[in-house]
Structure formats: C-alpha cells, structure tokens
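Presented below is the structure to which this report refers.
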Amino acid sequence: FHSSGAGGICQGKTGTLFKKRCEVFPFLCIADGFSFLYDSVIMQKSPLFWKGSTFMILDRDRARRAFADYTRAYDPTDPKVRLKIEHTYRVAGLCEQIARSLSLSESDTDLAWLAGLLHDVGRFEQLRRYGTFEDARSIDHAACSEEVLFRQGHIRDYLDDASADEPLRTAVRWHSAYRLPEGLDDATLRLCNILRDADKIDILRVNVETPLEEIYNVTTEALRTAPVTPAVLEAFYAHHTVLRALKRTPADNVVGHASLVYELVYPESLREVSRQGYLWQLLDFKTENPDTARDFAALRDHMHTWLAKAVC
C-alpha cells in the first residue's frame, strides 16, 4: 500500500493497481489484509460497506427519496399507508439504535438502517391488492417485499452497488418468519436478528397507537367480549411467540403481539421495550369478559417478572 497526500494506491486481490482520489483524509482501504480507518466520506454519504473485495457507499438521502417515491404511488394520505410509512422509519431508527448498542462499525450500522427501511415495502402492494395487512388472508408480505426489491429490481433505486444484496435479501425475506433458516453466516444472522428485533419493538407501539378494531378488522363488541384461547395462554407462559395457527379470537391477537418480546435477541431491544412502556399499555387490555380480565392480569404480572429479570 502507498499513500501520498489525499490520494492513495492499493494492491487488490486480483493484482490490479487502482488509484482512488479522496477528498478527505485519512481513508479506508482494505486489500490483501491491509485496513485503514475511514473517518468520513464526501457529499454527506455514509462510510463504506465492505463485503469481499467490493466497496459500497450508502447515500441515506437517496435511500429516503427512493422510499418516498415508491410509497407516493400508494397515497400516503391513506391512514393505513401512513401507518406503514411511519412504522418503516421507526424500524430503521431502531435498527440503527440496536446496531450502535453492539458497537458495530458505521458500515454495518448503515446496513442495519437500510434493512429497516426496506423490510416492509411489500406491505403497500399487499394493501393495494387485498385491502388488508393480514398475511393469512392475502399474501406473505415479506415475500412480496423480496419480490419488489430483488425480482422487480427496485433495490437499485436505493443504491447502485449490489455487493450487499444477499444479506439484505435474506433479512427482508425472513424478517417476519417464526424462525430463521439454518446455516446463515454470522454477519447475515446478526443483520436478520437486528431487523427482527426492531420490527417487533415497533409492532408494540402500532398496537397501542392504532385502534385494535382497525388492526384486527373486528368490531369493538367482538374485541371486548373475546376470550383467550387456552393454547395461546400456554404458549405465552412457555415464553414462545404465539403461532398464528393457535389464534382463534381477537384477544388471542393481543396476547400474540405481547409474546413477541420473548423472542427479542439483544439486550438493547429489551431495554427499549422497558423504556417505551407500550408493552404494558397493550397488556392493559380493556375487556368486558371476566375470564379475559383475569387472564390479562395474570399475563401482565408474569411478563413484569420475566422482563425485569431479562433486562438485568
């Protein structure tokens, strides 16, 4: 490696010399085992991703514009569209927060933020085609997101370099799955877990700030009188996310969303749930069914005890 002033030459793995003119100093160059710190990038772009022998720069402003341009076709004034737009930005922010809590590099932090921005793009087409966000009544929204981004090619609206496509594709495709596939490399597994944690955290907020009647497409009467299915209670007390197949009533959906907390991977995720307080508002479920009221009181007490231990 050679460096002089604001320019540098490094030897790549192919043996080809390339020269990169930098507007800032020092800069990062990784080739044949050499690494140097890149402190900043021109044009307000984020630091470089590194994957194999490829450098990639993320321009967050461009990514935000691409997302805004895409969602504009789905009428952002529609409350359901707006809900998912707001959810997307919050999940992106939470991904960044979790990544920073893990002391990840700026490039890995940017990758996590981008995964959050991309994860739910399929929701808008799902809503347009079927009028619902319920996968069971329509399509797998994560698979739709993968299709929009990687089969239709909209990923290139966000960034030109394809070197991070595979981890991004995996994270988007599996973000809402009950379990991740086996055999993921450590970096991809981490990206998936960051995105899945961030998504779960914000789902708690959505379920508090959005009327449950709208989310579950039920009447207030049906919501207030619904029982909790015994199998759902069993899964909750076993500290598992409640499977969709077990849910029979609107109250089961509430318990199911609260149970997402059990699957959080990172300490910062648990701390954020505790700080926000949406979990307790969700479990303070208003019901006219005495059995359901007793069930939720017991669920709250159990979760308080579990989360207090988990956060410590």
Side-chain angles (χ1 to χ4, degrees), residues 1 3 5-10 12-13 18-68 88-119 121 149 155-172 175 184-199 201-202 264-269 271-272:
F1 176 86
S3 175
I9 298 175
C10 61
K13 292 184 178 181
F18 69 90
K19 183 174 182 179
K20 177 177 178 62
R21 185 77 179 176
C22 294
E23 299 285 335
V24 293
F25 185 85
F27 63 99
L28 171 69
C29 178
I30 303 178
D32 294 335
F34 295 101
S35 62
F36 297 84
L37 178 64
Y38 188 114
D39 287 331
S40 59
V41 179
I42 60 172
M43 297 175 63
Q44 299 180 340
K45 290 174 179 161
S46 298
L48 302 176
F49 292 137
W50 171 254
K51 182 179 173 65
S53 59
T54 303
F55 290 112
M56 182 173 66
I57 297 176
L58 173 66
D59 183 341
R60 288 200 187 191
D61 287 340
R62 172 184 169 178
R64 291 188 188 96
R65 287 194 302 271
F67 180 73
T88 292
Y89 286 125
R90 288 177 181 271
V91 169
L94 286 165
C95 283
E96 178 172 6
Q97 178 180 332
I98 296 166
R100 293 198 183 284
S101 78
L102 299 172
S103 300
L104 299 187
S105 66
E106 285 299 313
S107 57
D108 285 337
T109 300
D110 279 334
L111 188 61
W113 177 88
L114 183 59
L117 189 71
L118 298 176
H119 82 287
V121 295
L149 291 167
I155 186 65
R156 297 284 76 84
D157 298 339
Y158 295 81
L159 72 174
D160 295 323
D161 198 307
S163 62
D165 278 10
E166 283 310 306
L168 283 170
R169 185 173 193 157
T170 301
V172 168
H175 80 267
L184 298 179
D185 64 82
D186 289 345
T188 300
L189 178 62
R190 183 182 63 203
L191 180 64
C192 289
N193 281 328
I194 290 173
L195 175 57
R196 286 160 65 87
D197 271 20
D199 193 33
I201 293 168
D202 198 60
L264 296 177
V265 174
Y266 298 109
E268 178 63 15
S269 304
R271 289 191 292 267
E272 184 62 20

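We count residues from 1, following the sequence as given.
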Residues Ala92 and Leu117: closest non-hydrogen pair is CB-N, 3.8 Å
Separation between CD (Glu96) and CG (Asp110), nearest 0.5 Å, reads 7.5 Å
Here the pair of heavy atoms bringing Ala112 nearest to Leu191 is CA-CD1, 3.7 Å
Rounded to the nearest 0.5 angstrom, the CD1-CD distance for Ile201 and Glu268 is 8.0 Å
Cys192 and Ala171 have their tightest heavy-atom pair at SG-CA, 3.7 Å
Note: Arg196 and His175 closest approach over all heavy atoms is CG-O, 3.2 Å
Interatomic distance, CZ@Arg62 vs CG@Asp157, rounded to 0.5 Å, equals 7.5 Å
Rounded to the nearest 0.5 Å, the CD atom of Gln97 sits from the OG1 atom of Thr109 at a distance of 12.0 Å
* **Heavy-atom check, side chain of Leu149 versus side chain of Arg169, under 4.5 Å** => no
**Study point:** Residues Leu159, Asp59; criterion side chain to side chain contact (heavy atoms under 4.5 Å, CB included); working and verdict
**Key:** CA-CA 7 Å; Leu159 72 174; Asp59 183 341; over 6 Å; no
Sorted by chain and residue number, the salt bridge (Lys or Arg N to Asp or Glu O under 4.0 Å) partners of Asp197 (sequence neighbours excluded) come out as none
Item checked: Side-chain heavy-atom pair Ile155, Leu118 within 4.5 angstrom cut-off -> yes
With a 4.0 Å cut-off on N to O distance, would you call Asp61 and Arg64 a salt bridge? yes
Set out, in order, the CA-CA distance, both residues' side-chain angles and the distance that settles side chain to side chain contact (heavy atoms under 4.5 Å, CB included) for Leu111 and Arg190, then state yes or no.
CA-CA 11 Å; Leu111 188 61; Arg190 183 182 63 203; over 6 Å; no
Derivation and outcome, side chain to side chain contact (heavy atoms under 4.5 Å, CB included), residues Leu104 and Ile194 = CA-CA 11 Å; Leu104 299 187; Ile194 290 173; 3.9 Å; yes
Value for OG (Ser269) from CG (Asp199), rounded to nearest 0.5 Å, stands at 11.5 Å
By side-chain hydrogen bond (donor to acceptor under 3.5 Å, both in side chains), Arg65 pairs with (sequence neighbours left out) none
Arg156 and Asp161 have their tightest heavy-atom pair at NH2-O, 3.0 Å
Is there side-chain contact between Tyr158 and Leu168, with at least one heavy-atom pair below 4.5 Å? no
